[in-house]
Each structure stands twice: as structure tokens, then as C-alpha cells.
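Working notes for the structure below.
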Amino acid sequence: MKNILLSLALTLALMPSDGYAKPAPPKQRVELKHGSHRTGMRTDADMQQWRDSGLGQFIHWGVYAVPGGHWNGKVFGGAGEWIRVWNEIPHDVYDNFYKQFNPTEFDAAKWAKLAKEMGVKYMIFTTKHHDGFCMWPSKYTDYTIANSPYKKDIVKELVDAYTKEGIDVHLYFSIIDWNHKGYMSGTPKTPEQKAAYEEFKKFTRNQLFELLEKYPETKGLWFDGSWDASWKSEYAWVDQLGQDLRKAKPGLIIGSRFRADENGKRHYDTNGDLIDDYDQTWERDLPETYDQVKGVDWDCCMTVPENGWGYHATWLTYAKNSYDLIDMIMHANSMDGNFVLNFGPDAKGNIRPEETKLAKEIGAWMKVNGEAVYGAHHANLKPQGWGYYTQKEGKTYLSVFNRPIDNRVKVVLPGSKGAPEKAYLLDGKTPLEILPGGKNKRNENIYYIAIPQDYKTDKPFVIVLEGEIKGSNKGKYQQALT
Ligand code: FHN
């Protein structure tokens with residue numbers, strides 16, 4: 001166990017992760033050719049639909065599921081999808097796992113039904129992770145699903161099944177490709193390296209257009225691995241690629257993990273403006289205060305164990321329960337972010353029982369309380385200790401995680417923000433009494449929403465307030481110019 005923990009600590013330390021400290025913008029703006037190309041948030045229908053989703057599903061599935069974090073009687077201490085970097089497995093062994101990848105129990109319709117039951121509005125699927133294995137039959141390499149015993153196009157099966165359930169599909173694509181000869185993480189220096197990297201760029205571009213052509217239902221591309229010096233140094237080419245992809249697929253959504261500006265700044269350019277459509281820096285992390293969000297769209301992608309996205313038969317760290325995750329869903333949504341929960345199916349094609357249980361529990365909660373998530377946004381009201389506010393269309397939602405011992409949920413509103421007229425529980429629409437709580441020294445009005453003593457639940461619950469409460473942040477954002 002001691003060895004496992006040591007190797008876990010080492011691997012976690014070595015693994016790049018897109019955790020990111022946002023730099024303060026410079027005092028004086030500088031002229032940029034390859035920085036942000038838009039002022040303010042996107043206002044089109046595709047982006048609005050994404051913004052209103054609230055809950056998404058991430059699926060990391062590839063040949064790393066074959067070893068599933070184990071090899072030769074030893075347990076890999078890192079993330080399942082990174083097992084190829086473990087010195088216990090020779091690369092040529094890993095690179096032949098695809099010959100055993102035959103997920104005979106895979107049922108795309110079953111996965112999509114579970115996602116629907118969980119209440120997700122979009123799904124992100126790993127078409128190709130860092131190992132370079134393509135889950136679709138790419139014509140640009142042999143290292144694909146077509147040459148595995150399974151043979152069938154997994155990306156197509158998933159795109160079709162999820163689209164049928166009304167769930168949008170975004171395609172994850174790794175810029176890192178350990179299987180391509182021309183790939184390198186550092187900047188190419190010699191003429192041979194430069195030529196090889198040019199080949200890799202051509203290959204990457206071809207694969208991206210291939211994905212958009214083969215799966216026209218795709219709503220977005222979710223890039224990863226763009227921290228490489230080689231990729232960053234190609235900022236002008238990458239910028240053009242992004243523009244060409246958008247031309248090929250109008251409405252395409254691309255997050256901030258795709259490209260750097262001419263000064264190597266990622267996510268936010270040299271002037272502190274968001275690059276591309278939404279901030280992807282909140283990986284396994286949530287902003288503590290709304291100020292940290294910087295008035296942009298964002299998502300939080302989260303693992304069930306502490307870290308680890310692809311299948312690992314043995315979760316070595318704390319695994320979140322549905323209560324933890326529902327808390328995170330509301331936390332993200334109360335700060336205008338989408339919450340995306342990761343799943344790592346096994347090599348046979350099954351979603352693991354622990355994840356199935358979580359999906360069902362979250363789904364049962366979302367069925368009752370989803371109204372406080374879908375299309376609901378930040379409320380700009382002073383947070384109280386009981387939980388999170390969200391707001392939409394004249395309704396204010398109070399998601400209560402810490403039930404006050406006296407069963408009175410406190411709301412503090414300056415007079416200018418209006419007053420609640422009606423309160424009820426989303427669970428059963430039970431009407432609730434609004435009790436006046438006087439004024440505080442700042443002349444703010446206090447209200448207490450009374451929860452019936454006999455309302456018993458072991459879950460967080462949502463109170464709806466109706467009446468004009470002007471918490472909305474609308475107008476805080478700069479509107480898009482294009
Ligand atoms: O290295 C990857 C990791 O395996 C996983 O795919 C996550 C998902 O956001 N991205 C990288 C780390 O930031």
C-alpha cells in the first residue's frame with residue numbers, strides 16, 4: 001500500500017493537468033493578432049443552448065480500459081488513461097492492447113438512456129486521447145477501432161444514440177498523440193523534426209475535418225493537451241485552423257483549451273481576454289467566489305475519484321457520492337458554469353456499477369429539482385450558509401444543503417431588490433410561509449422561509465421564490481460584437 005501511495009503521489013505530480021492560475025491583465029492593452037477574436041460572450045442560439053445546459057457527461061473510453069490500471073499483478077497509482085507512461089508497461093505492450101479491445105457488452109443506447117435518466121444535456125466523448133488510439137475508423141492512421149477485434153465505429157454509435165435521446169454531443173480530441181511519429185511536445189529544432197511536425201500538423205487538421213464531416217451532429221470540439229510548447233509555438237496556424245473549423249461547422253463550440261496567443265498565453269490572452277468560447281480552466285475545481293469567474297462562460301469537468309478519467313479497476317482515493325456531486329452541480333450553476341461529470345467505462349463496454357448508481361441518484365434528484373438547474377443562472381444575491389441561489393424567468397431558486405436547525409431559511413434583500421411573494425418546495429410544490437425578519441443595520445430586508453417540521457428528506461431540496469427579486473446579473477456582461 002505504501003508503494004502504491006508513493007507511486008500515486010509521483011504520477012500525480014508528473015501528470016500535466018490543466019489547472020491554471022489566471023494572470024492579472026496588463027495595465028496597457030497590446031495589439032494582438034492571435035488573441036481573443038470577440039468582445040463579450042457569444043449570443044447565438046447554439047451557445048445559449050450550451051449555456052443553459054447546466055449538466056453534462058464526460059466519457060473517457062479507449063484502450064487504456066484493457067489494463068484498467070493493473071499490469072503484471074501491480075497497481076498503477078496514477079490516472080487509468082495515463083498508464084502508458086508507467087515504466088512497468090513497455091510501450092510496445094501498451095500499443096498492442098487494441099488487439100484485445102473487444103467491448104462485446106457495449107450498448108450505446110443503454111449509455112445514452114442512463115445519461116438521459118441522469119439529466120445531462122450534453123456529452124463529451126474521447127474520440128482520441130493522448131495515446132493516439134482513434135475510436136472512429138480514421139482514414140489517416142491504422143491505429144483505430146477498425147483494426148481492433150470490435151471493428152465497429154464507436155464514435156458513430158454514440159453520436160447516433162445520444163442524438164436520438166436529445167443529448168448534444170461534443171467531441172474530445174487530444175492534441176498530444178503518442179502514436180504519431182511526428183508528434184513532439186517540445187518545439188521542433190532540426191530540419192528533420194520540423195518536417196516531421198509539419199506532417200503531424202497536417203494529420204491533426206485532417207482528422208479534425210474528418211470528425212466534423214463524419215459526425216455532422218457534433219456541437220463542439222473539446223480540445224486537450226494544448227499546453228505543449230510545440231503546439232503553442234504554432235499559434236498562427238492553430239488560430240487559422242480554428243477559424244476554418246468554425247467555417248466548416250457554423251455554431252461550433254470550442255473552449256479555451258485549443259490555442260495560445262502569440263505570447264504563449266493560453267485560456268486568457270495577453271490582454272486578459274478569454275480565448276474562444278468558454279473558460280476550460282476549471283478542471284476538478286470550482287470557483288470559490290463569483291468574482292473569480294470573470295464574467296465569461298465556463299465549465300467544470302469533474303472526476304468521481306480525486307483524479308483519473310479512464311477506467312481504473314481500483315479507485316485508490318476518495319470517491320465522491322451523489323450528495324457531493326449534486327452540491328457541485330448547484331455550486332457551478334449558481335456561478336454560471338456547466339458541471340460535467342466524468343465516466344470511465346470498462347473494456348467490455350460497461351459503465352461501472354458505482355458510476356451507474358451515481359447517475360441514477362443524480363437523475364432522481366434532477367427529476368424533481370432540475371428546474372433550478374436548466375436555464376437557471378447566477379442570482380447576484382448575497383450567499384447564505386444554507387446553499388446556493390439560481391434564478392430564471394421571475395423565479396429564484398434556493399438549493400438548501402444545510403437545513404437550518406430552526407427550519408427557517410434566511411434570505412437577505414436590499415429594498416431595491418424586491419420581495420418574495422410566494423414560496424414553495426419544488427418537491428411536491430408544497431407551499432411555504434414567508435416570515436418577515438425585520439431589517440438589519442444595513443437597512444436590508446430579512447425574510448425567513450419556513451420549512452414544515454414534518455418535511456423529512458435525506459437530500460438537499462429546492463425552495464422556489466416567486467415575485468420580483470432583482471438578483472439577475474444580466475447586463476454585467478459585455479455583449480458580443482459579432
Ligand atoms: O491529461 C488529461 C487527462 O487524462 C484528462 O483527459 C483530462 C480531462 O480534462 N485532461 C488532461 C489533464 O488536464
Side-chain angles (χ1 to χ4, degrees), residues 8 10-22 55-69 76-86 89 94 97 120 122-135 155 169-179 183 185 220-232 253-260 266-267 275-286 297-312 315-317 320 325 328 332 337-345 355:
L8 172 72
L10 267 175
T11 316
L12 290 181
L14 288 174
M15 257 178 57
S17 154
D18 230 327
Y20 172 88
K22 294 171 187 71
L55 182 60
Q57 178 187 36
F58 212 147
I59 301 180
H60 275 69
W61 200 35
V63 292
Y64 36 81
V66 172
F76 177 50
E81 74 284 3
W82 273 81
I83 199 166
R84 191 179 182 276
V85 303
W86 192 26
I89 302 188
Y94 184 94
F97 278 148
V120 310
Y122 70 101
M123 185 277 272
I124 308 160
F125 182 67
T126 50
T127 59
K128 176 173 96 164
H129 204 262
H130 309 335
D131 62 8
F133 185 74
C134 301
M135 297 292 269
V155 176
V169 179
H170 293 239
L171 302 180
Y172 168 107
F173 185 92
S174 170
I175 297 306
I176 297 173
D177 186 328
W178 296 325
N179 187 67
Y183 165 75
S185 56
L221 292 171
W222 205 101
F223 289 97
D224 203 4
S226 55
W227 52 76
D228 277 346
S230 49
W231 188 257
K232 289 197 314 188
I253 295 172
I254 299 178
S256 65
R257 235 186 247 213
F258 176 50
R259 64 186 180 91
R266 297 173 61 239
H267 301 291
I275 297 180
D276 288 319
D277 302 329
Y278 65 100
D279 179 344
Q280 277 182 300
T281 61
W282 296 103
E283 173 172 318
R284 297 185 295 112
D285 197 11
L286 285 160
D297 286 307
W298 61 279
D299 75 349
C300 162
C301 53
M302 185 57 70
T303 49
V304 176
E306 272 170 33
N307 193 5
W309 305 78
Y311 182 69
H312 193 307
W315 278 342
L316 296 164
T317 57
K320 296 168 192 71
L325 294 166
M328 291 176 177
N338 285 333
F339 186 79
V340 184
L341 182 63
N342 181 69
F343 289 69
E355 290 172 351

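Just so we're clear, the structure is a prediction, and the values are computed from it rather than from any experiment. Every number for a ligand or one of its atoms is a count from 1 in the order of the listing.
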With heavy atoms and a 4.0 Å threshold, my read on which part of Arg257 contacts ligand 1 is side chain
For Glu81, the atoms of ligand 1 under 4.0 Å from one of its heavy atoms are 3 (C), 4 (O), 5 (C)
Does an N or O anywhere in Trp227 fall below 3.5 Å from an N or O of ligand 1?
no
Using the rule side chain to side chain donor-acceptor pair (under 3.5 Å), only one of Thr126, Asp224, Thr127 pairs with Tyr172; which is it?
Asp224
Provide the number and element of each atom of ligand 1 under 4.0 Å from a heavy atom of His130.
1 (O), 2 (C)
My understanding is that only residues two or more places apart in sequence, or in another chain, count here; which of them pass salt bridge (Lys or Arg N to Asp or Glu O under 4.0 Å) with Asp277?
Arg38, Arg42, Arg246
For Gln280, is the nearest heavy atom under 4.0 Å from an atom of ligand 1?
no
Go through ligand 1 atom by atom and flag the ones less than 4.0 Å from a non-hydrogen atom of Trp82.
1 (O), 2 (C), 3 (C), 4 (O)
Check side-chain contact (heavy atoms from CB on, under 4.5 Å) between Lys320 and all other residues, then give those that pass, not counting sequence neighbours.
Met302, Thr303, Tyr318, Asp324, Leu325, Met328
Nearest atoms (heavy-atom pairs only) where Phe223 meets Gln280:
O-NE2, 4.1 Å
Residue-ligand contact Trp222/ligand 1, heavy atom below 4.0 Å:
yes
Is the centre of the Trp309 ring less than 6.0 Å from the centre of the Trp315 ring?
no
Considering only heavy atoms of Glu283, which atoms of ligand 1 have at least one such atom less than 4.0 Å away?
7 (C), 8 (C), 9 (O), 10 (N), 12 (C), 13 (O)
Among Phe97, Tyr311, Tyr94, exactly one meets side-chain contact (heavy atoms from CB on, under 4.5 Å) together with Tyr64. Which residue is that?
Tyr94
Tell me if the centroids of the rings in Trp222 and His170 come within less than 6.0 Å of each other.
no
Please confirm whether Asp224 comes within less than 3.5 Å of ligand 1 when only nitrogen or oxygen atoms on both sides are compared.
yes
